[in-house]
J.: 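This structure is in structure tokens; I'll ask about it shortly.
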Amino acid sequence: MFQAGLKLHKPCSSFVLCGRSGLASQLKRLQIVSCYGISDEGLSEAAKKLPLLEELHICFCSISKEALKNVGRCCHKLKSLTFNYRGNRGPYDMEYDEEALAIAENMPGLHYLQLIGNRMTNDGLSAILDGCPHLETLDLRQCFNVHLGGALAKRCSEAIKNLRRPSDSTDDCGFDATPYDGYDDFSFDDEYPSGFSEIDFLSDVDEYYEFSGGSDISDYGDRFFNDF
């Protein structure tokens, strides 16, 4: 059976993401990488057209808790979420649980969750364990505000089959995950900030369509629909 998927890489926009409702209605896998032109509003509007979405991968994008809430509310089949940044060991790494709470409160069907570089605390992690009872894989690498120990560590070990801890190596994550020491390290000059390259996270996907260089999604419409 055809498995519809879409990869969006920088540069791209909310218009590209939402441009073809016919395409969106068939998508089961969506990967968004370094697309700073996609806003919370854009992803939220797209989510309304993604009833079959099962896997969402977001890396190095300006997406916040609001879009995560709306994705969870609209995409009831969602089983896998990747929401990655590079971690920050510097003085500006403020604690922030809002994204974790958005996931916990709106994505109860998750089986796989990767949150490399997230700023959540133990409170956010506890909320995820409460709100996502089907989780089997949880990746907390570079979540430096999470301190696994005592009852929380025991709970994770008992509930999660595949657990990656904050201090675990990121050598296999596919991008430069060297933690920031502060804002001086960060730059938008590279085409793929943080050393991200055009790798395929989902090598077992039957078909993927990649849109880059500002291409309109309509340029690929005939190619997509001819496959059905």
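The structure displayed is predicted, hence computed values, not measured ones. These numbers come from the heavy atoms of this one structure, side chains and all, not from hydrogens, waters or symmetry mates.
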J.: Of all heavy-atom pairs between H57 and T82, which one has the smallest distance, and what is that distance?
T.: ND1-OG1, 3.0 Å
J.: Rounded to the nearest 0.5 Å, how far does CZ of R119 lie from CD of E95?
T.: 10.5 Å
J.: If you look only at distance, which donor and acceptor atoms sit under 3.5 Å apart when one is on a side chain in residues 69-81 and the other is two or more places apart or in another chain?
T.:
unit_1 : atom_1 : unit_2 : atom_2 : d
N70    : ND2    : S44    : OG     : 2.9
N70    : ND2    : E66    : O      : 3.1
R73    : NE     : N106   : OD1    : 3.3
H76    : NE2    : R73    : O      : 3.1

J.: Listed by chain and number, what are the side-chain hydrogen bond (donor to acceptor under 3.5 Å, both in side chains) partners of T137, not counting sequence neighbours?
T.: N162
J.: My understanding is that only residues two or more places apart in sequence, or in another chain, count here; which of them pass salt bridge (Lys or Arg N to Asp or Glu O under 4.0 Å) with R155?
T.: D130
J.: Can you pull the salt bridge (charged side-chain N to carboxylate O under 4.0 Å, His left out) pairs that have at least one residue in residues 106-115, sequence neighbours excluded?
T.: none
J.: Can you list everything that forms a side-chain hydrogen bond (donor to acceptor under 3.5 Å, both in side chains) with N122? Sequence neighbours excluded, please.
T.: none
J.: Using the test side-chain hydrogen bond (donor to acceptor under 3.5 Å, both in side chains), find all partners of T121 that sit at least two apart in sequence or belong to another chain.
T.: D97
J.: Which residues pass the side-chain hydrogen bond (donor to acceptor under 3.5 Å, both in side chains) test with D168, not counting sequence neighbours?
T.: none
J.: Tell me whether N84 contacts the main-chain N or O of I116 through its side chain, where contact means a donor paired with an acceptor under 3.5 Å.
T.: yes
J.: Compare every heavy atom of C156 with every heavy atom of L129, then report the nearest pair and how far apart it is.
T.: CD1-SG, 3.8 Å
J.: Sorted by first residue and then second, give each ring-ring contact (aromatic ring centres under 6.0 Å, His included) pair with at least one member in residues 103-122; sequence neighbours left out.
T.: H111-H134
J.: Just one of L125, I128, N118, L113 clears the side-chain contact (heavy atoms from CB on, under 4.5 Å) bar with L140, so which one?
T.: L125
J.: Give every residue pair that meets the salt bridge (charged side-chain N to carboxylate O under 4.0 Å, His left out) criterion with at least one member in residues 102-114, sequence neighbours excluded.
T.: none
